[in-house]
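A quick write-up on the structure given underneath.
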There are 2 protein chains.
Amino acid sequence: MTETRWLTEQEQEVWRTFISAVDAFVDHLERQIQRDANMPYTYYEILVALSEAPDRTLRMSELAGARSSSRSRLSHAVARLEEVGWVRRLACPTDKRGALAQLTDEGFAALQEAAPGHVTAVREKLFDRLTPEQVVALGEISHALLDGLPEGAARRQALNR
Amino acid sequence: MTETRWLTEQEQEVWRTFISAVDAFVDHLERQIQRDANMPYTYYEILVALSEAPDRTLRMSELAGARSSSRSRLSHAVARLEEVGWVRRLACPTDKRGALAQLTDEGFAALQEAAPGHVTAVREKLFDRLTPEQVVALGEISHALLDGLPEGAARRQALNR
DNA sequence: CCCCCCTTGTTGAAGTCTCAATCTTCTTAG
DNA sequence: CTAAGAAGATTGAGACTTCAACAAGGGGGG
């Protein structure tokens, strides 16, 4: 094992600022959704993914892939969402192992109610605070990050669809 | 309530890339620490904060402030860290309500073992993938973000110490 | 055709986080 | 000095995530 390459003073400063900002930002979004829509952010993302799918329906595995979530987590989450009536499970016609998750009308309505607050939060806390050049830079930086992460593969595919 | 200002096509693209990158990146760090040091990332951050404090000791509330964590969460976390022997609780001499958390030698050793892997991950997945200009830009963007977040106040103070 | 293995999805247990309630101690207006 | 309110910290319950184990269906080589 080679010597650890520690961070320079400047890198350390950037690193701490970055991780703090990300933490605070994500925290803000999560609380906003939880307050306004009474669901965790990850559930919101599931509803969004379903709402964009044909027939508002996706295989569990596709849904897990799209959200880069483990099957287990998704299974628990969909169980919960089914309890509150926002998602319903269907048998997969082509593969008896499979299960389909479908967004219900109630789920779609809940999503429509939650969306404006969420978008406003993203706008106010992110885009309104950055210059156009910074927005471009952020996009490029994010791509660079994603390219270096194995976990990013599924996400990259989802983005390029 | 005024009309929702939705995201432009470009903003949407940047937004999805950004949130995916952050998710994948944070996920990667968390798993790395969990695998190598057998503790969640938040516990690692607690140990770091303690290790940098005088006498490796901090008031619970200061520790919560530094990590922007709720008192409750910190209390649970320190209880857990105490169980494994990495932190010890002391009575606060000046305030009978207070409690001090102190990093034990075992905790410090665990931190020293975990640090190289963590720094290497940050280096490889973040700094090695960005140009010097991007690093600067990322610092500025992070500051801008932090400035807009109420939750960021405590973090900003911690950074400016 | 059949057996072995891979994939899909679920389950239960254990760990962590949030929220609200609580207890104690400090602070300060009166 | 005292009473009321603020601040520090803990606790327990409920919710979410992870991990490992499992059940059950598909699919290909012999």
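Note on naming: letters A, B, ... go to the chains in the order of the sequence lines (proteins, then strands), and numbering restarts at 1 for each one.
Between B:Arg67 atom CZ and C:dT16 atom P there is a gap of 18 Å when expressed in whole angstrom units. Computed from coordinates, the B:Leu63 CG to D:dT10 C1' distance equals 15 Å when rounded to whole Å. Computed from coordinates, the B:Met60 CE to C:dT24 C1' distance equals 15 Å when rounded to whole Å. Atom-to-atom, CG of A:Leu58 to C1' of C:dG9 comes out at 15 Å; the value is rounded to the nearest Å. The nearest whole Å value for the distance from the CZ atom in A:Arg35 to the P atom in C:dC19 is 10 Å. Between the P atom of D:dC19 and the CD atom of B:Glu30 lies a distance of 11 Å, rounded to the nearest Å. Atom P of nucleotide D:dT18 and atom CD1 of B:Ile33 are separated by 16 Å, given to the nearest angstrom. We find that CD of A:Gln34 is positioned 16 Å from P of C:dC17, with the value rounded to whole Å.
Taking CZ of A:Arg16 as the reference point, atom OG of B:Ser142 lies at 14.0 Å (rounded to 0.5 Å). Going from atom CZ of B:Arg56 over to atom CG of B:Leu100 covers 16.0 Å, rounded to the nearest 0.5 Å. Between the OG1 atom of A:Thr17 and the CD atom of B:Glu140 there is a distance of 11.0 Å, given to the nearest 0.5 Å.
Considering every non-hydrogen atom in both A:Thr4 and B:Pro116, the closest pair reads OG1-CB, 3.4 Å. Nearest heavy-atom pair, B:Thr104 versus B:Gly85, reported as atom, atom and distance to 0.1 Å: OG1-O, 2.7 Å. The minimum heavy-atom distance linking B:Ala101 with B:Leu50 is given by the pair O-CD2, 3.4 Å.
A close approach under 4.0 Å does occur between a side-chain nitrogen or oxygen of B:Ser61 and OP1 or OP2 of D:dA9.
For the contact set between residues 39-50 of chain B and DNA chain D, defined by any heavy atom under 4.0 Å, there are no members. For the contact set between residues 71-90 of chain B and DNA chain C, defined by any heavy atom under 4.0 Å, the members are B:Ser72, B:Arg73, B:His76, B:Arg80. A heavy atom closer than 4.0 Å to some atom of DNA chain D occurs in B:Arg97, B:Gly98, B:Ala99, these being the qualifying members of residues 92-103 of chain B.
When side chains are defined from C-beta on, B:Arg67 does not count as touching B:Thr42, because their heavy atoms never get closer than 4.5 Å.
Between A:Tyr41 and the choices A:His118, A:Gln34, A:Gln32, the side chain to side chain contact (heavy atoms under 4.5 Å, CB included) rule is met once, by A:His118.
Taking hydrophobic clusters as Ile, Leu, Val, Met, Phe, Trp and Tyr residues chained together by side-chain heavy-atom distances below 4.5 Å, B:Trp6 shares a cluster with A:Val48.
Note: A:Phe25 and B:Phe18 have tilted aromatic rings, judged against thresholds of 30 and 60 degrees for the angle between ring planes.
Summarising the local packing, CD of B:Glu113 is surrounded by 12 or fewer heavy atoms from other residues, nucleotides or ligands at distances under 6.0 Å.
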